[in-house]
Amino acid sequence: MAIIEETQVRGTLIAIEEINEKGGVNGRELVPVIYDPASENALFRAHAKRMIVEDQLSTIFGCYTSSSRKAVLPIVERLNCLLWYPTLYEGFEFSPNVIYTGAAPNQNSLSLCQYLAEHYGSRFYFVGSDYVYPRESNRVMRELVNKRGGQVVGERYVGLRASRRDFVPIMNEIHQQAPDIIFSTVVGEATVHLYQTYADFGFEPRIMPIASLTTTEAEIRAMGPDVGKGHITAAPYFEGLPGANNCAFVKRYKRRFGDDQSTNMCVEAAYFQVHLFARALELANSLDPEILRPMVLGSSFEAPQGTVSIDAGCSHANLWSRIGRANSRGQFDVLQESSSLVPPDPFLTGIGRLVPA
């Protein structure tokens with residue numbers, strides 16, 4: 001997961017640096033304590049417990065995969081700490097000890113399914129990494145496809161450490177099934193192997209694109225812009241968005257980490273959630289979660305994607321919904337975006353009979 005998790009750390013550090021440059025919070029400097037779980041859920045658990053018990057921290061920023069979040073969740077709940085989670089996820093979860101700043105399914109899957117059905121067709125092939133997020137996300141997408149009269153013609157999963165050869169039989173099956181769209185919930189380095197194998201088979205994105213919720217500028221850079229060009233991602237944020245806030249954010253990121261490095265939705269969520277935390281901390285003047293959390297709920301921030309806020313009812317973020325197509329520069333051209341913030345609906349209560357499996 002290093003491809004994307006490292007960028008989340010970078011977004012967190014940039015926000016901390018900005019806050020400290022302006023005098024910190026109530027005159028006190030923010031000092032990060034950082035541990036590397038190396039994509040292992042057991043280490044996520046161990047480090048979370050260490051942070052809370054030994055380091056006596058009450059706020060944690062982190063976790064990329066839903067499995068890592070679920071590994072940490074019982075610890076932060078039992079010890080009553082606050083976890084800020086900056087990744088899109090599968091929904092159907094609520095914890096008073098988590099602030100969810102990535103997209104819920106109604107903020108990305110709904111618009112993506114509609115766009116794909118209208119522009120490419122109704123026959124979907126699902127491929128994902130084998131853990132909770134892809135399986136649950138595909139369950140949601142399957143129902144959305146079915147509600148539109150579409151069909152899922154195949155569904156395959158690979159391990160988190162999948163190699164290029166693991167995708168060869170999947171591409172052979174895709175060749176046989178000839179779907180209109182490949183919907184990917186593959187994550188991490190395996191994403192690179194998926195798209196490269198797709199290119200090896202000579203498939204054409206104009207006809208049958210890979211559409212994803214998890215493929216960002218970071219993965220496009222790793223696979224090569226020529227490989228990623230033409231494929232589609234739904235996300236609240238892309239680096240190429242206009243606006244002074246995003247321009248300053250991208251400029252600072254590149255100055256700090258290199259001109260060849262791109263921001264992405266996970267960087268941006270990791271960045272703005274620290275600013276939301278700092279504003280709440282300034283008001284609360286306490287790291288006690290019972291005092292801090294009420295200050296977080298309902299708060300807002302002018303993020304690079306646009307104004308974002310934390311819904312007071314479910315502690316998920318109100319976010320923008322966008323669909324982008326990767327171009328030859330390794331960036332995304334925005335094809336469609338919401339006219340305003342999309343309120344989170346993590347349990348998808350607004351679209352019919354979707355219920356947890």
inquiry  = Please tell me whether Phe167 and His193 form a close aromatic pair, meaning their ring centres lie under 6.0 Å apart.
reply    = no
message = Applying ring pair (Phe, Tyr, Trp, His ring centres under 6.0 Å), can you list everything that pairs with Tyr157, at least two apart in sequence or on another chain?
response = none
inquiry  = Hydrophobic clustering (ILVMFWY, side-chain heavy atoms < 4.5 Å, transitive) - are Val308 and Leu82 grouped together?
reply    = yes
ask   = Does the side chain of Glu173 pick up a donor-acceptor pair with the side chain of Gln177 at under 3.5 Å?
value = no
inquiry  = Checking Glu337 against Ser321: is there a side-chain donor and acceptor pair closer than 3.5 Å?
reply    = no
message = Is there a salt bridge (charged side-chain N to carboxylate O under 4.0 Å, His left out) between Glu90 and Arg139? Walk through the geometry before answering.
response = CA-CA 9 Å; Glu90 66 279 0; Arg139 182 182 63 82; over 6 Å; no
request  = Assess the side chains of Ser111 and Gln114: does a donor N or O sit below 3.5 Å from an acceptor N or O?
outcome  = no
query = Cut-off 3.5 Å, side chains only: do Ser95 and Glu77 have a donor facing an acceptor?
reply = yes
query = Are Arg252 and Glu21 ion-paired here, with the side-chain N under 4.0 Å from a carboxylate O?
reply = yes
ask   = Are Thr349 and Asp345 close enough that a side-chain donor and a side-chain acceptor fall under 3.5 Å?
value = yes
inquiry  = For a quick check under 3.5 Å, do Thr65 and Glu5 share a side-chain donor-acceptor pair by atom type?
reply    = no
task = Using distance alone, with no hydrogens and no angle criterion, decide if Gln305 and Arg322 have a side-chain donor and acceptor under 3.5 Å apart.
result = no
query = Excluding sequence neighbours, so at least two apart, what forms ring pair (Phe, Tyr, Trp, His ring centres under 6.0 Å) with Phe126?
reply = Phe183
message = According to ring-ring contact (aromatic ring centres under 6.0 Å, His included), does anything in residues 21-43 pair up with another residue at least two apart or in another chain? List the pairs.
response = Tyr35-His47
message = For the aromatic rings, using the six-membered ring if either is Trp, is the centroid distance between His231 and Tyr195 under 6.0 Å?
response = yes
query = Has the side chain of His119 got a donor or acceptor atom that lies under 3.5 Å from a matching backbone atom of Tyr115?
reply = yes
Salt bridge (charged side-chain N to carboxylate O under 4.0 Å, His left out) between Arg142 and Glu155, intermediate numbers included = CA-CA 10 Å; Arg142 177 184 291 275; Glu155 184 170 358; 2.4 Å; yes
query = Going through the checks in order, is the side chain to side chain donor-acceptor pair (under 3.5 Å) test met by Thr197 and Asp200?
reply = CA-CA 5 Å; Thr197 309; Asp200 291 342; 4.8 Å; no
message = Within the 3.5 Å criterion, strictly below it, is a donor on Asn318 or Ser309 matched to an acceptor on the partner's side chain?
response = yes
ask   = Do Gln273 and Thr101 meet the criterion of a side-chain donor-acceptor pair at a distance under 3.5 Å?
value = yes
query = Do Asn80 and Glu290 meet the criterion of a side-chain donor-acceptor pair at a distance under 3.5 Å?
reply = yes
query = Salt bridge check: are Arg161 and Glu40 linked by an N-O gap of less than 4.0 Å?
reply = yes
Set of ring pair (Phe, Tyr, Trp, His ring centres under 6.0 Å) partners for Phe332, sequence neighbours left out = Phe238
inquiry  = According to salt bridge (Lys or Arg N to Asp or Glu O under 4.0 Å), who are the partners of Asp130, at least two apart in sequence or on a separate chain?
reply    = Arg135
task = Would you mind checking if Lys147 and Glu143 are paired as a salt bridge, meaning a charged N to carboxylate O distance below 4.0 Å?
result = no
request  = Compute the centroid of each ring, for Phe272 and then for Phe301, and state whether the two points are separated by less than 6.0 Å.
outcome  = no
Set of residues satisfying ring pair (Phe, Tyr, Trp, His ring centres under 6.0 Å) with respect to Tyr253, sequence neighbours excluded = Phe257
key: Electrostatic pair Glu93:Arg69 at N-O distance under 4.0 angstrom   = yes
ask   = Is it true that Lys254 and Asp260 make a salt bridge, defined as a side-chain N closer than 4.0 Å to a carboxylate O?
value = no
ask   = Is there a side chain to side chain donor-acceptor pair (under 3.5 Å) between Tyr271 and Glu18 once you walk through the steps?
value = CA-CA 10 Å; Tyr271 167 83; Glu18 287 183 354; 2.6 Å; yes
ask   = Taking the six-membered ring for Trp, are the ring centroids of His316 and Tyr89 within less than 6.0 Å of each other?
value = yes
ask   = Under 3.5 Å, is there a donor-acceptor pair between the Glu302 and His275 side chains?
value = no
